[in-house]
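All chains are named by letter (A, B, ...) in the order of the sequence lines, taking the proteins before the strands, and each is independently numbered beginning at 1.
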There are 4 protein chains.
Amino acid sequence: MIVTTPARSLRADAARNRELLLAAAEEEFVERGLDASIADIARRAGVAKATVFRHFATKEELIAAIVGSHFSALTAVARGLLESADPGAALLEFLTVAADGLQQQDLTFLQTASEGDSTVIALRDELHATVDSLVERAREAGAVRADITGTDVFLLICAPVHAAGFLPRPAPDLWRRYLGIIFDGLRPEGANPLPLPAPSWS
Amino acid sequence: MIVTTPARSLRADAARNRELLLAAAEEEFVERGLDASIADIARRAGVAKATVFRHFATKEELIAAIVGSHFSALTAVARGLLESADPGAALLEFLTVAADGLQQQDLTFLQTASEGDSTVIALRDELHATVDSLVERAREAGAVRADITGTDVFLLICAPVHAAGFLPRPAPDLWRRYLGIIFDGLRPEGANPLPLPAPSWS
Amino acid sequence: MIVTTPARSLRADAARNRELLLAAAEEEFVERGLDASIADIARRAGVAKATVFRHFATKEELIAAIVGSHFSALTAVARGLLESADPGAALLEFLTVAADGLQQQDLTFLQTASEGDSTVIALRDELHATVDSLVERAREAGAVRADITGTDVFLLICAPVHAAGFLPRPAPDLWRRYLGIIFDGLRPEGANPLPLPAPSWS
Amino acid sequence: MIVTTPARSLRADAARNRELLLAAAEEEFVERGLDASIADIARRAGVAKATVFRHFATKEELIAAIVGSHFSALTAVARGLLESADPGAALLEFLTVAADGLQQQDLTFLQTASEGDSTVIALRDELHATVDSLVERAREAGAVRADITGTDVFLLICAPVHAAGFLPRPAPDLWRRYLGIIFDGLRPEGANPLPLPAPSWS
DNA sequence: CATGAATGAGTTTTCATTCAT
DNA sequence: AATGAATGAAAACTCATTCAT
């Protein structure tokens, strides 16, 4: 359950509509892709089209709200795992939770459409920073190789689910296999030198 | 340089237009995504809209032609590498060439739209089979771990480029870093048991 | 004057547009035939193209609304004539009114395009049943020959107008002449046996 | 079998193509209505689209050729019946043959599209004149009522088939029933005075 | 002479967004 | 605040007709 916090507090019914709308939009985007129509989203939420625009001035704004909420949720998970006693296990757990969420509904394609939104950028940077900490701890604990950064891990979050997704009808947890392979690549054992240094985040 | 072979040989001018069209379509799809319009493609190719439909009866058919041509090209590369003396290096070279192509223009998203096309399916299966052979040889040579299959590698082809692509302004060859990490995950050294068996290709 | 009854009651302005649209569509269809374009209809009604589709999701739906409204109107006329004291005159009057309507604007060709619509079918069957009653009464009164059915008359409704229409520039009431001839063929006096039994209505 | 005589004599193969084209066009128009496409007609005739335009400069010209050929054929039939010993039976036979042709393929809708063509007008006038003679003889023999003209009959030619055509799935010879009724209306027995005088043919 | 290729104008329909109630 | 109505711009696709080979 994701709780989104709009800028100003809204009247109870308006707040409820906002949540209905976000939920309906997510479902519609998952089913129909980026071209899901505002009309269908409104119908699914049980409100009129114009009401969508009262809450989100633009389709892009609606998309940004969805993407942002997912970044927030993941950040919360990562923060929780920062307390974990086993930093290596914590990192793997984070990637597992993230992949599991993506498997249930891959909304990655929405990121492209919300690239410019400043709120999204802020939330993404926040997630990125938290992952940095998670990886830092794992590296210090010797659970991942020394030449790996938080940015590397951040960029690889979606890889297992996407790899599995190229199979015509993949088993629902096939991504675990590819997370296994990729995580082995992150381990210190048997690591070969990488051809390029780690990128800096923006 | 990709050479596409239309079903029947065309008059010289028509063949030229076909190539112009495919090139224009690729560029347009790269820039605008799946929703690139036929009108824009036609304009870019310097022909009339109806000419696009003369060559490709449907937008889907045009997409299928593009996707198919890329599968063919990759298959050719993979076939050539089957002769290589060093099977491990050959596999890495294949993944490198594939990623390099994707980096220049990622048309992965077109695959979804051409999923039903039988020609595309045939070409994809051909590529898949060739990758199978490539991996088989690498496994026998001890260059990749024993529990890895051709299907695994096939599914991971795009991962390095996609990972790099999540960075706001990635260096053009950043994918090499992630190919390094993932390839390390495919190596026998330091391999941990995988949580799921390899999938069978449909 | 035809009053159309939309499924649900609309806002005043929408109702007005609906009527404008139906009127414009009728005129356009009369002038240009079945291929009258939605664009022209919209222009004539003074609304945007998309407004047409808001009222009638499909060109077929628009056609069905027109055809249906005409069936309804004729049914109302026929019902009124069922009360008439002279059943023979009532039948002739019905055919006269029907032909007069067709003469002003023959939309028969729209029937083909709305053949599948269930509402139209229902309204047509209703008209047919009412004509059945009208003919029944006329037959019992000896005003039409015994071997004539309501279906026969129903099928012959358009004949007078169509016959007159084959003349290059027919007088506006020339159809009355052909209604006279055909009605004479329906009369008991001088009737010859018919070569085929009456058809059953589906 | 209808033989059409083009203005100038053509080379044997061209003449053959012309006939193929006319036949293909008729079939296509019967199946698809006025919107049958030149492309489909060309395909059905086994020639290229441009060849259609070599024979008929315009779609309208092609339609006119078809309509004209049918008028010619009917005129030939009517001329033959002018020799008949029984003028009343001859007229009925003419209407029967005409209706039978229409029933097999109703191309009436093509007339509208060829209204302006002078050749068609000439052929139609020729048919009209012949029908005039046919009716004249029948009237003199007392087989039809005195107030009926050739023009009347000409206008009523299509009525039986069209009436039958309003039935959802009419028996193939149902038109005979309506020809019976209408012809009874043309007979002297039981004739009522007509409300309008006969029209003059343009 | 016949053809395959090309085209411009047109078709129905959809959609994000604005407006009036 | 919420809605149903309206809209302009665009999309994929079709067709009669012309042009180059």
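- Inter-residue side-chain proximity for B:Leu22 and B:Phe56 is flagged as met; some heavy-atom pair is nearer than 4.5 Å.
- Distances from the side chain of C:Ala14 to the nucleotides E:dA16, F:dA6, F:dT7 place F:dA6 closest.
- At E:dT17, one or more side-chain N or O atoms of A:Thr58 fall inside 4.0 Å of OP1 or OP2 (strictly under the cut-off).
- Residue whose closest nucleotide on DNA chain F sits further toward the 5' end, between B:Asp40 and B:Ala50: B:Asp40.
- Between A:Thr51 and F:dA2, a side-chain N or O to OP1/OP2 separation shorter than 4.0 Å is absent.
- Base pairing annotation: E:dA5 forms a Watson-Crick or G-U wobble pair with F:dT18, both donor-acceptor distances under 3.5 Å.
- Within the 4.0 Å cut-off from OP1 or OP2 of F:dA5, at least one side-chain nitrogen or oxygen of C:Arg54 is found.
- Between C:Gly46 and B:Ala36, the one whose closest nucleotide on DNA chain F sits nearer the 5' end is C:Gly46.
- Of the candidate nucleotides E:dT17, F:dT17, E:dC15, E:dT17 has the atom lying nearest to any side-chain atom of A:Lys49.
- For E:dA6, the OP1/OP2 oxygens have a side-chain nitrogen or oxygen of B:His55 closer than 4.0 Å.
- Spacing between atom CD of D:Glu61 and atom P of F:dA16 amounts to 15 Å, rounded to whole angstrom units.
- The 5' end of DNA chain E is approached more closely, in terms of each residue's nearest nucleotide, by B:Ala48 than by the other of B:Ala48 and C:Ala39.
- OP1 and OP2 of E:dG10 both lie 4.0 Å or more from every side-chain N or O belonging to C:Ser37.
- The nearest whole Å value for the distance from the CZ atom in A:Arg43 to the C1' atom in E:dC15 is 12 Å.
- The closest side-chain donor-acceptor pair between D:His55 and D:Glu61, if any, does not fall under 3.5 angstrom.
- Nearest nucleotide to the A:Asn17 side chain, out of F:dT17, E:dA5, F:dA2: F:dA2.
- The backbone N or O of B:Asp40 lies less than 3.5 Å from a partner atom in the side chain of B:Ser37, making a donor-acceptor pair.
- For the pair D:Leu21 CG and E:dT3 P, the interatomic distance rounds to 10 Å; values are reported in whole Å.
- In this structure, the side chain of D:Thr51 does not engage the main chain of D:Val47 through any donor-acceptor pair within 3.5 Å.
- Distance, C:Phe53 CZ to F:dA9 P: 17 Å, rounded to whole Å.
- In this structure, C:Leu34 places its CG atom 20 Å from P of E:dG10, rounding to the nearest Å.
- Remark: the A:His70 side chain and the A:Gln111 side chain contain no N/O donor-acceptor pair separated by less than 3.5 Å.
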